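Keep in mind that the numbers below use all heavy atoms, side chains included, and drop hydrogens, waters and symmetry copies. Start at 1 and go down the list; that is how both ligands and their atoms are numbered. This one's a predicted model, so the numbers in the text were calculated from it and none came from an experiment.
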Amino acid sequence: MEKLLEIKNMSVSFEKDKKTTKIVRNINLSVNRGEILAIVGESGSGKSVTVKSLMSLLPEYAHVEADGVYFDGRDIMEMSPADKRKIYGKDISMIFQDPMTALNPLKKIGSHLIEVIKRHQKISTREAKILAVKMLQEVGIAAPEERMKQYPHEFSGGMRQRVLIAMALCSHPKLLIADEPTTALDVTIQAQILKLLKTLHKKEDMDIILITHDLGVVASVADRIAVMYGGRIMEQGTKEEILYDPKHPYTKALLKAIPKSDTARGTKLEAIAGSIPSFADLGEGCPFADRCEHASVRCKNANIGRNIFSETHSSSCVLKEIEKIEQGA
Ligand SMILES: Nc1ncnc2c1ncn2[C@@H]1O[C@H](COP(=O)(O)OP(=O)(O)OP(=O)(O)O)[C@@H](O)[C@H]1O
Ligand SMILES: [Mg+2]
């Protein structure tokens with residue numbers, strides 16, 4: 001399978017007050033062409049840090065290490081800041097959780113779009129305006145000419161998110177990173193936005209990384225799922241492998257915490273017993289060890305490995321024998 005993005009062994013740490021805290025550890029992740037990858041995990045698991053590091057959006061005190069981060073065949077880590085800028089906002093676009101903060105309240109919706117369009121194409125304002133109307137239509141906003149003249153506060157939350165999607169699409173990105181794009185919206189609107197993303201994914205030939213802590217979201221749109229916890233990828237696989245044949249105790253616990261297959265969209269993951277560990281206390285061992293019913297001393301101390309179940313399915317559990325334990329062997 002051809003890969004649009006391949007992250008090889010990436011770690012991210014923050015250096016503050018002469019103290020280094022490792023947040024993201026040894027991430028291996030890829031996005032194949034033609035797919036939607038979901039990154040799922042509880043709050044604070046390192047999802048945003050992971051994708052922000054791809055876009056150089058982390059503060060200066062963040063330190064990113066990797067064996068390589070390949071986008072479209074080129075290693076981003078080796079690129080000059082100028083070359084990176086050519087990719088960000090063009091080949092890779094990102095939309096964030098809160099559409100209000102991403103829009104200037106004093107600027108009309110039309111101006112937002114025209115500005116982004118003109119950044120990417122050398123065309124007149126009048127031509128950009130025609131394109132802007134088309135973009136608003138594309139993301140399902142009715143009466144777009146009228147809407148162009150309005151301000152962000154005159155739009156509903158769902159409509160603002162549509163505008164942000166339209167802005168992200170202006171550069172015809174190869175990869176769209178959507179960091180919890182529906183969290184602030186109510187359930188029906190969430191479903192509409194996800195449907196829109198899925199439609200645009202096909203129509204625009206654009207791959208997507210969708211970050212969410214909502215398993216209902218994942219089930220409806222993702223092709224593959226990576227489960228994150230404590231800055232690590234605990235398990236990854238196709239949607240079917242993760243939802244119907246989970247291997248890692250953490251994934252299993254997550255799935256157990258929600259109602260069965262007819263789970264309504266918008267269902268939040270419920271808390272698993274115990275609390276999320278502090279990153280300062282985490283070592284090379286499994287971050288879930290303290291909350292895991294199968295954990296042994298080995299789990300906290302050993303380097304967590306990688307168990308491969310199929311070409312697409314892998315988990316990082318120290319207890320390679322976990323299946324046997326569960327089967328009572
Ligand atoms: N700029 C920063 N400086 C210092 N620590 C940070 C910074 N950004 C994130 N962190 C820390 O990194 C950890 C992971 O944060 P991150 O934002 O990636 O979580 P997340 O999985 O996206 O959570 P959520 O679902 O709540 O958005 C957290 O402990 C957070 O406090
Ligand atoms: Mg986040």
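Of the heavy atoms in Val49, both backbone and side-chain atoms come closer than 4.0 Å to ligand 1. Counting heavy atoms closer than 4.0 Å to ligand 1, residue His213 contributes side-chain atoms (C-beta onward) but none from N, CA, C or O. If you look at Pro59 next to ligand 1, the close heavy atoms, those under 4.0 Å, all belong to the side chain. Residue Glu180 touches ligand 1 through its side chain alone, judged by heavy-atom distances below 4.0 Å.
Counting heavy atoms from C-beta on, the side chains of Tyr88 and Leu54 never come closer than 4.5 Å. Contact check for Arg232 versus Leu282: no side-chain heavy atoms found under the 4.5 Å cut-off.
At a distance under 4.0 Å, a protein heavy atom can be found next to atom 20 (P) of ligand 1. Distance check for atom 30 (C) of ligand 1: every protein heavy atom is found at 4.0 Å or beyond.
Backbone or side-chain N, O or S atoms of Ser43 do not reach the Mg ion (ligand 2) at under 2.8 Å.
When the side chains of ILVMFWY residues are joined at heavy-atom separations under 4.5 Å, either directly or via intervening members, Ile211 and Leu57 end up in a single hydrophobic cluster. Leu29 and Tyr70 fall into different hydrophobic clusters, where Ile, Leu, Val, Met, Phe, Trp and Tyr residues are linked whenever their side-chain heavy atoms come under 4.5 Å apart, directly or through other members.
For atom 22 (O) of ligand 1, the nearest non-hydrogen atom from the set Gly46, Ser45, Ser48, Ser13 belongs to Ser48.
Distance from atom 28 (C) of ligand 1 to its nearest protein heavy atom, with residue and atom name: Phe279 CE1, 4.0 Å. At the top of the distance list for atom 23 (O) of ligand 1, counting protein heavy atoms only, stands Gly44 N, 2.8 Å. Residue, atom and distance of the protein heavy atom nearest to atom 25 (O) of ligand 1 are Lys47 NZ, 2.8 Å. When only non-hydrogen protein atoms are considered, atom 2 (C) of ligand 1 lies nearest to Tyr61 OH, 3.5 Å. Annotation: atom 6 (C) of ligand 1 to nearest protein heavy atom, Phe14 CE1, 3.3 Å. The shortest contact between atom 24 (P) of ligand 1 and any protein heavy atom is with Ser43 OG, 3.6 Å.
Paired with Tyr229 under the rule side-chain hydrogen bond (donor to acceptor under 3.5 Å, both in side chains), one option of His248, Arg291, Glu42 passes, and it is Arg291. Only one option out of Asp223, Val31, Leu176 pairs with Ile208 in a side-chain contact (heavy atoms from CB on, under 4.5 Å); it is Leu176. In summary, of the residues considered (Lys3, Lys90, Arg33), a salt bridge (charged side-chain N to carboxylate O under 4.0 Å, His left out) with Asp72 occurs for Arg33 alone.
The backbone N or O of Lys195 lies less than 3.5 Å from a partner atom in the side chain of Thr199, making a donor-acceptor pair. Put simply, the side chain of Gln236 never gets that close to the backbone of Ile225: no donor and acceptor are under 3.5 Å apart.
Between Gly41 and ligand 1 there is no heavy-atom distance shorter than 4.0 Å.
Counting all heavy atoms, side chain and backbone alike, Gly34 lies closest to Asp207 at N-OD1, 2.6 Å.
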